[in-house]
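The structure appears below as structure tokens.
All ligand and atom numbering here is 1-based and tracks the order in the structure. Counting from 1, the numbers follow the sequence of the chain as shown.
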Amino acid sequence: MKIVFSQKQKEHDPQAFFVAGTLHPHPEAPERADVLYAAARHSGLTVEEPVDYEFEYVRAVHTPRYLNYLENIFTRWSRIEGSTQEVVPGVHPDRRDCGYPASAEGQAGFHHADLSCPIGAHTWRSALWSAHTAAHAAHQVLLGDDTCYALCRPPGHHAAKDYAAGFCYLANTAIATTVLRKKFGRVAILDIDVHHGNGTQDIFYDRADVLTVSLHADPVRFYPFFWGHANEQGSGEGQGFNMNLPLSRGTGDDEYLQTLDVALDAIHRFSPDALVIALGLDAFEGDPLRGLAISTVGFGRIGKRIGATSLPTVIVQEGGYLSAELGTNLTAFLGGFTLGHGR
Ligand SMILES: [Zn+2]
């Protein structure tokens with residue numbers, strides 16, 4: 001298996017993170033990439049640098065005004081007298097069908113669902129290379145690899161068509177899926193990050209060619225709060241092609257694996273030609289975000305069951321934050337996956 005990674009993804013170094021109104025160090029630190037990279041190398045993966053796909057795939061999943069915003073907002077923000085070092089909105093619309101403002105401050109409010117996506121000098125470049133990383137890993141599978149691991153950072157599954165959210169700017173998992181659709185007629189997405197993948201859901205909500213399944217801590221008491229409920233099942237042609245499986249806070253390995261079987265049954269019924277795994281490792285019992293309670297051994301079991309689908313697969317890195325076991329959890333998942341895949 002290859003790991004696709006670019007060092008350019010490490011330039012983004014977000015600072016501001018608000019929890020209950022107070023500032024904390026941002027958990028989506030560049031060091032995450034070093035830990036995950038070392039673990040993937042330890043698992044025997046060979047390194048592949050992504051190529052520059054320019055705007056080909058980001059344009060396929062995001063609106064032109066959102067991409068224009070992301071590319072230019074840091075410079076525009078910096079011109080505001082007394083502005084902060086990072087773009088952080090101070091205002092939000094209460095609906096998406098409102099007027100579109102011309103000002104930097106108004107657009108920041110429009111294009112950020114929350115305060116967790118500060119934009120600094122290098123954010124756009126890192127986010128774009130994170131998207132290229134996902135696209136490049138998917139291309140390896142198009143070219144015949146069974147599986148490829150995209151070490152994407154910043155993550156992507158909370159980013160929707162026209163807004164950033166939850167540390168995510170560009171929708172890497174959706175981009176990998178879009179690349180796979182060039183060859184594969186039906187693609188399933190399985191999101192095992194502890195948070196619901198609201199951005200991925202947003203992008204494919206009205207489509208029947210992509211099944212989106214997400215296991216996550218119940219949004220009734222966990223981010224992203226407003227999405228990820230079981231009754232969100234798709235719309236129009238996409239009705240029935242979006243499945244949310246919320247779990248109680250603190251759910252452990254055995255109950256999780258039972259729910260994973262429900263997800264895998266749905267994927268089997270969909271009969272996909274390829275699979276994208278949105279691999280968050282933040283369901284870990286020791287993750288600083290504390291949503292679920294999966295053990296390191298549990299990640300191996302989860303990987304093995306998903307690997308047994310034996311589909312061409314792109315594994316896209318989503319969340320998973322710094323703890324002593326972050327790297328071991330990736331190694332456990334990849335080891336289990338390879339075992340289950342049987343090749
Ligand atoms: Zn997460």
Item to complete: For a side-chain hydrogen bond (donor to acceptor under 3.5 Å, both in side chains) with Asn244, tell me which candidate from His196, Gln233, His216 qualifies.
Response: His196
Practice prompt. Indicate the ring-plane relationship of Phe17 and His26, choosing parallel, tilted or perpendicular according to the 30° and 60° boundaries.
Written response: tilted
Worksheet item: Can you give the angle Asp193 OD2 - the Zn ion (ligand 1) - His195 ND1, rounded to 10°?
Response: 150°
Worksheet item: Quick check: does His157 have an N/O/S atom under 2.8 Å of the Zn ion (ligand 1)?
Response: no
Worksheet item: Does Glu318 put an N, O or S atom under 2.8 Å from the Zn ion (ligand 1)?
Response: no
Practice prompt. Flag yes if more than 12 heavy atoms outside Arg221 fall under 6.0 Å of its CZ atom; otherwise flag no.
Written response: no
Practice prompt. Evaluate the side-chain proximity of His158 to Glu318: yes if any heavy-atom separation is below 4.5 Å, no if none is.
Written response: no
Worksheet item: Can you name the N, O or S atom of Asp282 that is closest to the Zn ion (ligand 1)?
Response: OD2
